[in-house]
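Letters A, B, ... mirror the listed sequences (proteins, then strands); counts begin at 1.
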Amino acid sequence: MTLAFLNLTWPTFANGLALGGVYALMAVGIGLVFGVLRLVNFAYGQLIMAGAFALAFGSQWGFPNWASILFCFGVVLGLSVLMDLLVFRPLRTHSPAVMLVATFAVAFLLQNIALLAFGPLGKSAGALAILNAPWDIGGVFIKKIAVISFATAVGCLVILQLLLTRTPLGLHMRAAAMDFRTARLLGVRANWVISGAVIVSGLFAAVSAVMLSVQELTVVPTFGTQDTILVLAGVVLGGLNRPIPATLGGFSIGFANGILGGVLPSNQSQYLPSFLFAAVIVVLLVRPNGLFARGGGTVERV
Amino acid sequence: MTWIRRAVELLAPALLILGTALLALEVSSYLQAYFLDTLVKVAIVVALYVFIGNSGVLSFGHVSFVAVGAWTAGVLTVPEDQKRITMPGLAHFLLTTSVGNVASLVLAAVVGGIFAFAVGLPLMRLSGLAAGIATFGVLEITNNVLTYEQRIGPGLNAFSSVPSTTGIWQATIGGLVCVVVAYAYQRTRFSRMLRATREDPAAAAAAGISIYRQRLLAFTLSGALAGFAGGLYVHLQPLQAGSLSLNLTFVTLAMLVVGGSGSLLGAVVGALALNGIFSFFSAATNTVDVLGWSFTVPSGTAELTLGMLMAIVLILRPNGLTGGRELSLPRRRSVADLEKARATT
């Protein structure tokens, strides 16, 4: 079975799907917090970086893989809760611009803590390298991690959708995302909803950290930064406010990144970020509220 | 008397710059480099302020104008024989053209302004997050192209043999030029209109102000200043594309926000304060002497302190150290005013 279109092959296609899946998870993680707090979390990439470092240290200390992954989840969740308590909470009432710059500061701070503690060369990330081995699917060799990433992402998104539509917490989160003040007047507990969003978002960051670090040889302090910027562009591209458009936006930019990275020859693929961002800018010019948004959004100044 | 009030608004930031320059003359040439760097940062932050402060819209793209200005001034001033060695891929026209120091700075400003105008033409129609992400895109694209395109510059390498003409005079005059231009713009009706759109876009539009046109004007002007500052920067130290990217964007935005993005004084105070602290800790990685007590800190402390300070200032004083106000003399109340005040209470 071949997929002969330009240089597109099944493995490239699978990698695109996998990257799209991980970016979709990150997009939802950013979108959930934006929904309840109106805060674009720039430090999301640093959560992922912290998770990847936790994994690398786990394997260095001889933890079994499940323990390393657990450790990674613990670190990322702890960090996101701390971030909420120390930074988001005091700034909750301030303007979106102030909050955005504050998360910028947190990102910078975390990155430099990592730089100070682990050095610019970082740690080798060999923990789950075994997943880079291919599976033979009908004569096509596809990396295990690609299949696992995509399946995990889909699983997480389905669970999130169930959480949002079938549980009281999900109902409250959706209400808060629609109109926070009215939701509070109707008895939605602000801190509960915000903590819920922060924790789910942290969980997704941890999952993304595990998936992204498999394909990397080393974890460096800038790990995840470039991905986060792309995901942010994707989220805005899709439409920030609701989970499904955000997911689609994140997925499309990850998919495009994965496919183009595999298809383009290297003297063109070095300009890949330019292509992606140029595409994002063009789409935003045509549809400023996002590709998948319904109707006119409110005017915001960030 | 109002002219004194106005003069103070300009004099306060200008005197701060002159004071920094005087201090720089007193210290050793090793420490002077930090002061020069600070003065260039002041120029960049003032350029940022012209757009962000007046319009209230965040832009992540200004460092790309700094980069373009630096590339212009750098490529045009490297001696031709050096260009053939260090930048063999350069386009023929750039290879054979060289200009003087002042001309290179002017061209940097012109190119920065034109680039900002071209970018702003479509982008200034956006607002909110879409605008933020789009300017981010501009930064990423510019950085990506400058990193790999060897026809217009050194590519991945750092600039070498750019004449280092940004000494104490050029840095000071450069900073002052930016402050004076920003102040002059601030006094025009265009800035007033833009500030009106910042406070209430709907009311401003209803009063007949074109938000798009005013933002575009400020964006272009601040792009030109950023290009000029980039020119100053490349004449100060060997730059490379990687150093004109995310980190510089963050640091300069931090300076503006910490100082208070609403005022020219805030921009200057923020740049001086944060870069001062940053330089102090950078110098302290090689041991500094403070009042006879010498100490050393591990590298990275400077960035750490900066990030922490910024978070603290944002939490405690979200409008910045100056609260977004210019320095103003205490208003002397006339007897009539006092009578009126008494009558109303």
So which part of A:T103 gets closer than 4.5 Å to some heavy atom of chain B, the side chain, the backbone, both or neither? neither
B:L246 CG to A:T222 OG1 distance, which is reported to the nearest 0.5 Å: 10.0 Å
Chain A contact via B:L304 - side chain, backbone, both or neither, heavy atoms under 4.5 Å: both
Could you tell me which portion of B:L306 (side chain, backbone, both or neither) has an atom closer than 4.5 angstrom to a non-hydrogen atom of chain A? side chain
Side chain / backbone / both / neither for B:V257 at chain A, heavy atoms under 4.5 Å: side chain
Find the distance between CE (B:M310) and CG (A:L109) and round it off to the nearest 0.5 Å. 10.5 Å
Drop me the distance from A:N112's CG to B:N247's CG, to the nearest 0.5 angstrom. 7.0 Å
Does a sphere of radius 6.0 Å around CG in A:L116 hold more than 12 heavy atoms from other residues, nucleotides or ligands, not counting ones at 6.0 Å or beyond? yes
Over all heavy atoms of both residues, which pair between A:A105 and B:G307 is shortest? Give the atoms and the distance, please. CB-O, 4.2 Å
For B:A134, is it the side chain, the backbone, both or neither that has a heavy atom under 4.5 Å from a heavy atom of chain A? both
Counting heavy-atom pairs closer than 4.5 Å to chain A, which one of B:A130, B:A254, B:S261, B:A202 comes out on top? B:A130
Is any side-chain heavy atom of B:L139 closer than 4.5 Å to one of A:F277? no
To the nearest 0.5 Å, what is the distance between CG on B:N144 and CD on A:Q270? 7.5 Å
Which distance, rounded to the nearest 0.5 Å, do you find between the CG of A:L284 and the CZ of B:R125? 12.0 Å
Nearest heavy-atom neighbours spanning A:A278 and B:I141: N-CD1, 3.6 Å
Could you check whether any side-chain heavy atom of A:V236 comes within less than 4.5 Å of a side-chain heavy atom of B:F136, counting everything from C-beta outward? no
Using non-hydrogen atoms and a 4.5 Å limit, figure out which bit of B:V313 sits close to chain A: side chain, backbone, both or neither. neither
Side chain / backbone / both / neither for A:I229 at chain B, heavy atoms under 4.5 Å: side chain
Are the aromatic rings of A:F42 and B:F250 close, with centres under 6.0 Å apart? no
To the nearest 0.5 Å, what is the distance between CD1 on B:I133 and CG on A:L232? 5.0 Å
